[in-house]
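Working notes for the structure below.
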Amino acid sequence: MSDVTKTIQKWHASFKKGTDFDSWGQLVEAVDEYHILARQLQKEVQSTNSHDFSEDQKKTLGKLATCLEMRCVSLQSEEEFKLEDMKKLEPIIKNLLTYNKDFPFDVQPVPLRKILAPGEEENLEMEEEEEDNATGAGSPDSFPSRVPGTLLPRLPSEPGMTLLTIKIEKIGLKDAGQCIDPYITVSVKDLNGVDLNPVQDTPVASRKEDTYIHFNIEVEIQKHVEKLPKGAAIFFEFKHYKPKKRFTSTKCFAFMEMDEIKAGPIVIELYKKPTDFKRKKLHLLTKKPLYLHIHQTLHKD
């Protein structure tokens with residue numbers, strides 16, 4: 001069996017897993033699976049080294065990724081892209097090499113944005129610094145729009161258990177006004193940097209003002225506080241779009257440890273990238289008093 005066939009079989013299995021979760025009402029798991037698959041498809045579309053698929057097949061992969069993202073948004077909001085629509089995609093992903101009919105939905109492939117694996121960004125830091133110092137970033141109208149955020153709904157309450165809602169209010173940055181399509185990725189990691197929850201992206205920030213980017217967005221942590229292991233931390237990675245390199249980059253990050261979970265406002269320090277999920281080598285982003293401002297709400301039954 002060829003590597004291409006194996007890859008397609010893997011994608012098909014992932015797709016089936018997602019639609020199974022979807023049909024069983026396990027929406028958090030479905031969204032997680034759809035996101036993983038969409039990312040894999042996008043990576044293939046954006047790969048310059050891969051000659052496994054034709055340009056038309058890559059366009060189809062891009063459209064499949066768009067549909068996966070649309071279903072994720074539908075599960076988290078009122079927008080309509082039904083499970084029945086998802087099931088129409090199965091023969092396409094299953095028979096990608098031989099599929100020659102029109103795509104069933106009028107969608108565009110996800111905009112071309114380079115997706116970087118963890119650690120890849122480190123190699124690009126020097127280039128980014130040069131770009132940051134360059135002038136003339138171009139008009140924001142010329143940049144592809146981001147897919148909406150991937151925020152998940154609040155978990156069902158359980159007697160005696162506490163759920164945490166974090167409202168990301170604003171972040172202070174000296175060059176706040178120059179950041180294009182800024183958003184924050186929220187994740188919960190254990191001491192070894194392993195994900196304990198599905199990773200969530202906020203939508204793009206609502207406004208910029210002086211040295212602040214305002215979000216005013218609520219993120220529902222996808223595990224009861226009592227079930228988070230000792231040493232866990234909640235990470236906030238601030239990301240923005242780099243037009244010259246055509247990829248989304250992490251600019252800085254912040255994190256909150258378990259003893260900081262308490263109702264009310266809190267400001268947390270910003271650290272230089274790359275994100276250190278193990279919290280071993282931390283370097284403050286700046287000596288200036290610039291922070292991430294959040295507000296926590298605890299829900300207990």
Parallel, tilted or perpendicular: which describes the rings of Tyr34 and Phe15, with under 30° parallel and over 60° perpendicular? tilted
Taking the side chain from [X] and the backbone from [Y], do they hold a donor-acceptor pair closer than 3.5 Å?
X      : Y      : value
Glu33  : Phe21  : no
Gln296 : Pro265 : no
Gln222 : Pro153 : yes
Asp190 : Gly193 : yes

Minimum heavy-atom separation for [X] to [Y], with atom names?
X      : Y      : value
Ser187 : Val199 : CB-CG2, 4.0 Å
Ile171 : Cys252 : CD1-SG, 4.2 Å
Gly172 : Leu270 : O-CD1, 3.4 Å
Ala30  : Gly18  : CB-O, 3.7 Å
Val186 : Ile221 : CG1-CD1, 4.3 Å

Less than 4.0 angstrom from a charged side-chain N to a carboxylate O is my criterion; do [X] and [Y] meet it?
X      : Y      : answer
Lys251 : Glu237 : no
Lys227 : Glu158 : yes
Asp20  : Lys16  : yes
Glu218 : Lys167 : no
Asp22  : Arg71  : yes

Euclidean distance, [Y] [atom2] relative to [X] [atom1], rounded to 0.5 Å:
X      : Y      : atom1 : atom2 : answer
Asp56  : Leu61  : CG    : CG    : 11.0 Å
Lys101 : Asn95  : NZ    : CG    : 9.0 Å
Leu152 : Cys72  : CG    : SG    : 8.5 Å
Asp32  : Leu37  : CG    : CG    : 12.0 Å
Gln200 : His35  : CD    : NE2   : 8.5 Å
Lys239 : Cys179 : NZ    : SG    : 14.5 Å

Lys189: which residues meet the side chain to side chain donor-acceptor pair (under 3.5 Å) condition with it, sequence neighbours left out?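 Partners of Lys189 under the side chain to side chain donor-acceptor pair (under 3.5 Å) test: Asp195.
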State yes or no: do [X] and [Y] share one hydrophobic cluster built from I, L, V, M, F, W and Y residues joined by side-chain heavy-atom distances below 4.5 Å, directly or via other members?
X      : Y      : answer
Leu64  : Ile36  : no
Met258 : Phe236 : yes
Ile8   : Tyr99  : yes
Leu292 : Ile261 : yes
Val194 : Leu196 : no

Quick one: are [X] and [Y] in side-chain contact, heavy atoms under 4.5 Å?
X      : Y      : answer
Leu89  : Lys63  : no
Asp85  : Phe105 : yes
Leu41  : Leu68  : yes
Ile184 : Asp201 : no
Asp276 : Tyr271 : no
Glu169 : Ile294 : no
Leu163 : Leu298 : no
Tyr183 : His240 : no

Derivation and outcome, side-chain contact (heavy atoms from CB on, under 4.5 Å), residues Ser249 and Lys273: CA-CA 10 Å; Ser249 166; Lys273 64 178 185 183; 3.6 Å; yes
Does a donor on one side chain and an acceptor on the other come within less than 3.5 Å for [X] and [Y]?
X      : Y      : result
Ser14  : Gln40  : no
Thr165 : His299 : yes
Glu90  : His12  : yes

In sequence, state the C-alpha distance, the side-chain angles, and the governing distance for Thr286 and Lys174, and then conclude on side chain to side chain donor-acceptor pair (under 3.5 Å). CA-CA 9 Å; Thr286 173; Lys174 61 180 182 181; over 6 Å; no
Looking at Asp259, I want to see if its CG is surrounded by more than 12 non-hydrogen atoms of other residues, nucleotides or ligands under 6.0 Å.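 Yes.
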What do you reckon, is NZ of Lys208 surrounded by more than 12 foreign heavy atoms closer than 6.0 Å? yes
Any chance you could lay out the salt bridge (Lys or Arg N to Asp or Glu O under 4.0 Å) test for Lys17 and Glu29, step after step, and finish with the verdict? CA-CA 9 Å; Lys17 194 173 168 187; Glu29 291 85 351; over 6 Å; no
Begin with the C-alpha distance, continue with both residues' side-chain angles, and end with the deciding distance and a verdict on side-chain contact (heavy atoms from CB on, under 4.5 Å) for Ile234 and Leu164. CA-CA 11 Å; Ile234 300 169; Leu164 172 62; 3.8 Å; yes
Which is it for Leu97 and Gln57 under the side-chain contact (heavy atoms from CB on, under 4.5 Å) test, yes or no, and what are the steps along the way? CA-CA 7 Å; Leu97 296 178; Gln57 286 166 348; 3.8 Å; yes
Ring centres of Phe238 and Phe253 under 6.0 Å apart? no
Any chance you could lay out the side-chain contact (heavy atoms from CB on, under 4.5 Å) test for Leu284 and Lys272, step after step, and finish with the verdict? CA-CA 6 Å; Leu284 286 173; Lys272 289 180 180 176; over 6 Å; no
Within 45° of the ring axis of Tyr212 and under 6.0 Å from its six-membered ring centre, is that where the NZ or CZ of Lys170 lies?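 The answer is yes; both the distance and angle limits are met.
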